> 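Pasting in a structure now, in structure tokens, and then I'll have a few things to ask.
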Amino acid sequence: MSKIAVLVSGSGTNLRKILEKGIEVAVIISDRKCLAEDIAKEYNIPYFEFERKGISEKVCKILKGYDVKLIVLAGFLSILNGEILDKYEGRIINIHPSLLPKYSGRGMYGMKVHEKVFENGDKISGTTIHFVTKEVDAGGIIRQEVVDISEAKSADEIQKLILAREWKVYPQIIKEILDGSK
């Protein structure tokens with residue numbers, strides 16, 4: 001199976017689920033100090049951490065040393081731009097915690113999305129796996145998963161429901177892309 005690069009910024013829960021499903025990760029890159037470093041050590045995977053300024057160029061430079069078929073954003077908060085988008089066009093995917101195009105764009109990520117969904121009283125939400133393009137959260141949709149959140153009493157509860165679905169579907173889609181069936 002082909003290897004992937006995983007870009008992260010936070011707790012690394014999606015990264016861990018990807019690894020638990022046996023997907024081979026060549027390198028992990030973060031844009032800040034986060035728990036993904038511990039996961040990288042645990043799985044003996046090269047780990048790089050950079051500040052956000054110029055992150056796209058830094059990631060592109062690092063990836064030259066690895067033969068990766070796919071770049072997977074897993075809670076990565078920096079916006080990629082420039083050469084990396086051209087060089088890896090159609091080979092960078094992201095998971096977003098809403099049913100795009102709802103709750104999308106700059107500043108809409110993680111708990112901020114779930115708080116907005118709760119504030120608006122939505123009865124369904126979900127997750128979207130999409131290709132990364134120059135326009136934030138606007139790349140082609142690979143898959144959307146609808147989640148019933150009608151019983152959720154808080155944004156935290158919504159987050160738990162969405163994460164549970166992400167942990168199942170993201171590794172599955174990654175495998176399908178690597179196997180050529182997506």
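Bear in mind that the values here come from a model prediction, so they are computed numbers and not experimental data. Computation of the quantities below employed the complete heavy-atom set of this structure, encompassing side-chain atoms and omitting hydrogens, waters and symmetry-equivalent molecules.
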> So Leu99 and Val146, side chain to side chain contact (heavy atoms under 4.5 Å, CB included) or not? Walk me through it.
CA-CA 7 Å; Leu99 297 171; Val146 176; 4.1 Å; yes

> Apply side chain to side chain contact (heavy atoms under 4.5 Å, CB included) to residues Val147 and Ser125 and explain how you reach the verdict.
CA-CA 5 Å; Val147 177; Ser125 189; 5.5 Å; no

> Is any side-chain heavy atom of Leu19 closer than 4.5 Å to a side-chain heavy atom of Ile39?
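Yes, their side chains come closer than 4.5 Å.
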
> With a sphere of 6.0 Å drawn around CG of Asn44, does it hold more than 12 non-hydrogen atoms of other residues, nucleotides or ligands?
no

> Kindly say whether Ser9 contributes a backbone atom to a donor-acceptor pair with the side chain of Arg32 at under 3.5 angstrom?
yes

> Taking all atoms of both residues into account, what is the closest heavy-atom pair of Val8 and Ala74, and its distance?
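Closest heavy-atom pair between Val8 and Ala74: CG1-O, 3.4 Å.
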
> Can you find a pair of side-chain heavy atoms, one from Leu100 and one from His130, that are under 4.5 Å apart?
yes

> Do the side chains of Ile177 and Leu63 join up, straight or via other hydrophobic residues, at under 4.5 Å, putting them in one cluster?
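No; tracing contacts between hydrophobic side chains, which count when under 4.5 Å, never links both residues.
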
> So which pairs with a foot in residues 59-77 pass side chain to side chain donor-acceptor pair (under 3.5 Å), sequence neighbours left out?
none

> Indicate whether any N or O donor in one side chain lies under 3.5 Å from an N or O acceptor in the other, for Tyr170 and Gln172.
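Tyr170 vs Gln172: no donor-acceptor pair found between side chains.
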
> Hey, mind stepping through Thr127 and Leu163 against side chain to side chain contact (heavy atoms under 4.5 Å, CB included) and telling me if it holds?
CA-CA 9 Å; Thr127 187; Leu163 278 173; over 6 Å; no

> Regarding Glu20 and Lys17, does a basic nitrogen lie under 4.0 Å from an acidic carboxylate oxygen?
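A salt bridge links Glu20 with Lys17.
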
> If you count every heavy atom of other residues, nucleotides or ligands that lies below 6.0 Å from Glu151 atom CD, does the total exceed 12?
no

> The criterion is side-chain contact (heavy atoms from CB on, under 4.5 Å); which residues satisfy it with Lys134, sequence neighbours excluded?
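Scan of Lys134 (side-chain contact (heavy atoms from CB on, under 4.5 Å), adjacent residues dropped) gives Leu85, Asp86.
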
> At their closest point, which heavy atom of Leu15 faces which heavy atom of Ala36, and how far apart are they?
CD2-CB, 4.0 Å

> Scan Glu115, Lys112, Met108 and name whichever one has a side chain to side chain contact (heavy atoms under 4.5 Å, CB included) with Tyr103.
Met108

> Grouping I, L, V, M, F, W and Y whenever their side-chain heavy atoms are under 4.5 Å apart, do Phe48 and Val6 come out in a common cluster?
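No, it is not one cluster - the side chains of Phe48 and Val6 are not joined through contacts under 4.5 Å.
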
> I'd like to know if the side chain of Ser98 pairs up with that of His96 as donor and acceptor (distance under 3.5 Å, no hydrogens or angles considered).
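Distance-only check passes for Ser98 and His96.
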
> So, are Lys116 and Asp122 salt-bridged, with charged N and O less than 4.0 Å apart?
no

> Indicate yes or no: at least one non-hydrogen side-chain atom of Ile93 is less than 4.5 angstrom from one of Val132.
no

> Does the side chain of Tyr43 reach to within under 4.5 Å of the side chain of Arg16, using non-hydrogen atoms?
yes

> Looking only at heavy atoms, which two atoms of Gly10 and Cys34 are closest? And how far apart?
O-CB, 3.1 Å

> Would you confirm whether Lys58, through its side chain, and Lys53, through its main-chain N or O, come within 3.5 Å as a donor-acceptor pair?
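It does hold such a pair.
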
> Answer with yes or no whether the hydrophobic clustering places Val59 together with Tyr88; edges join I, L, V, M, F, W, Y residues whose side-chain heavy atoms lie under 4.5 Å apart.
yes

> Would you give the length of the straight line joining atom CD1 of Ile29 to atom CD1 of Ile55, rounded to the nearest 0.5 angstrom?
7.5 Å

> Would Ser150 and Asp148 count as having a side-chain donor-acceptor pair, cut-off 3.5 Å?
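The criterion, which ignores hydrogens and geometry beyond distance, is satisfied for Asp148 and Ser150.
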
> Looking only at heavy atoms, what is the nearest atom pair of Phe118 and Ala152, with distance?
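Shortest heavy-atom contact: CE1-O, 3.9 Å.
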
> Indicate, with yes or no, if Val27 and Ile18 share a hydrophobic cluster defined by side-chain heavy-atom contacts under 4.5 Å among Ile, Leu, Val, Met, Phe, Trp and Tyr.
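Not linked; separate clusters.
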
> Among Ile129, Leu178, Val72, which residue satisfies the side chain to side chain contact (heavy atoms under 4.5 Å, CB included) criterion with Ile173?
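Going through the options one by one, the only one that passes is Ile129.
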
> Is it the case that the side chain of Ser30 and the backbone of Glu49 share a donor-acceptor pair, with hydrogens and angles ignored and the cut-off at 3.5 Å?
no

> Taking all atoms of both residues into account, what is the closest heavy-atom pair of Pro46 and Ala26, and its distance?
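It is CD-O, 3.3 Å.
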
> Is the number of heavy atoms from other residues, nucleotides or ligands under 6.0 Å of Glu89 CD greater than 12?
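No, because the 6.0 Å sphere around CD of Glu89 holds 12 heavy atoms or fewer from other groups.
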
> Let me confirm one number: the CD1-NZ distance from Ile158 to Lys160, rounded to the nearest 0.5 Å.
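One gets 12.0 Å once the value is rounded to the nearest 0.5 Å.
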
> Do Val113 and Ile162 make a side-chain contact, defined as non-hydrogen atoms from C-beta onward lying under 4.5 Å apart?
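SC-SC contact between Val113 and Ile162 ruled out.
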
> Atom CD1 of Ile45 and atom CD of Glu24: how far apart are they, to the nearest 0.5 Å?
9.0 Å

> Can you list, pair by pair, the side-chain donor-acceptor contacts under 3.5 Å of residues 76-83, counting residues two or more places apart and other chains?
from, atom 1, to, atom 2, distance (Å)
Ser78, OG, Asp31, OD2, 2.5
Asn81, OD1, Ser56, OG, 3.4

> Return yes if some donor-acceptor pair links the side-chain N/O of Glu145 with the main-chain N/O of Arg165 below 3.5 Å, else return no.
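Answer holds: no.
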
> Determine whether Trp167 and Thr13 satisfy the following criterion, side chain to side chain contact (heavy atoms under 4.5 Å, CB included), listing intermediate values before the conclusion.
CA-CA 8 Å; Trp167 294 339; Thr13 58; 3.3 Å; yes

> For Asp38, is there any backbone N or O sitting under 3.5 Å from a side-chain donor or acceptor partner on Glu42?
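Not confirmed, Glu42 side chain does not pair with Asp38 backbone.
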
> Would Ile28 end up clustered with Ile62 when hydrophobic side chains under 4.5 Å apart are linked, directly or stepwise?
no

> As an exercise, state the distance from CD of Glu166 to CD of Gln159, rounded to the nearest 0.5 Å.
9.0 Å

> Would you compute the distance between atom NE2 of His114 and atom CG of Asp156 and round it to the nearest 0.5 angstrom?
9.5 Å

> Hey, does Leu73 have a side-chain heavy atom less than 4.5 Å from the side chain of Ile92?
yes

> Taking the side chain as every heavy atom from C-beta outward, state whether Ile71 and Ile4 have any atom pair closer than 4.5 Å.
no

